[in-house]
Amino acid sequence: LRECPHMRAQALVYIASFSAIGTVIRIYIDTLLDSSRLADIPVTSSGALFHSIASNALGCFLIGLLASASQLRLTHAFDGFNVLVPLDSLEIVLFSHEHAVQGNAALLVGLRVGLCGAITTFSGWIMQVVQMLCAGEVFPAIVAVILG
């Protein structure tokens, strides 16, 4: 992406677009948890600990699904016929070798940074920790920091 200004611009568009989608997903998760019984569990008065864990777990899971072979330190994988085939180091393990997403670096940056980054946003998590501390919920805030 560094060498090609066109791909950088394309990556920025993907990041912005997927960030908006990730933000909507995070808000939906928060709303879903607000309306569920999890918000009533007396770990914190706001239930913030549970909101952050759900969003962060989902985002981390998605980042793992979008990991490349080199990030996972894989050199070979089984295809659909249980044949061990070599992997390109940038190949996304979740998708087949022929899939359109393979080799589209700008799209992958948008998915990882935009979508997953918005779902696992640090600012939303740290704000919830600050709210717990301001409400005098020191132990749950410490647990939230440890669980991250």
Side-chain angles (χ1 to χ4, degrees), residues 1-78 80 87-97 99-148:
L1 292 177
R2 291 184 187 134
E3 300 84 28
C4 183
H6 170 71
M7 285 194 62
R8 250 185 293 163
Q10 189 178 23
L12 289 175
V13 170
Y14 281 134
I15 290 170
S17 301
F18 286 118
S19 292
I21 294 168
T23 301
V24 170
I25 291 170
R26 185 177 184 90
I27 291 170
Y28 178 76
I29 290 171
D30 287 350
T31 304
L32 184 67
L33 291 177
D34 277 341
S35 64
S36 74
R37 303 296 283 161
L38 281 179
D40 296 334
I41 295 175
V43 172
T44 69
S45 63
S46 64
L49 181 60
F50 293 101
H51 293 198
S52 293
I53 288 175
S55 298
N56 289 339
L58 174 63
C60 290
F61 179 74
L62 292 175
I63 290 171
L65 290 178
L66 296 171
S68 68
S70 64
Q71 290 168 323
L72 296 175
R73 294 183 172 83
L74 296 176
T75 57
H76 291 78
F78 286 102
L87 291 172
D88 179 341
S89 64
L90 298 178
E91 198 167 314
I92 304 304
V93 180
L94 176 67
F95 300 107
S96 70
H97 181 72
H99 197 277
V101 77
Q102 300 290 8
N104 190 338
L107 175 62
L108 292 171
V109 167
L111 286 169
R112 290 179 186 146
V113 175
L115 180 69
C116 298
I119 293 172
T120 61
T121 181
F122 179 75
S123 60
W125 170 77
I126 201 68
M127 184 62 184
Q128 291 174 346
V129 171
V130 169
Q131 288 171 339
M132 286 188 275
L133 288 172
C134 290
E137 299 168 339
V138 177
F139 181 72
I142 292 170
V143 170
V145 169
I146 292 170
L147 293 177

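Considering SG of C60 and CD1 of I119, their distance stands at 10.0 Å, rounded to 0.5 Å. How far CD1 of I142 is from CZ of F139: 7.5 Å, rounded to the nearest 0.5 Å. Note that the CG atom of L65 and the CG atom of L111 stand 11.0 Å from one another [nearest 0.5 Å]. In this structure, L58 CG and I29 CD1 are separated by 5.0 Å, a value rounded to the nearest 0.5 Å. R26 CZ to N56 CG: the interatomic distance, rounded to the nearest 0.5 Å, is 5.5 Å. Here the CG-CZ distance, from L107 to F18, works out to 5.0 Å after rounding to the nearest 0.5 Å.
S55 approaches T120 most closely through the heavy-atom pair O-CG2, 3.9 Å. Taking both residues in full, the closest heavy atoms of A118 and S19 are given as CB-O, 3.4 Å, listed atom of the first, atom of the second, then distance.
When atom types are taken as modelled, the side chain of R112 and the backbone of L66 share a donor-acceptor pair closer than 3.5 angstrom.
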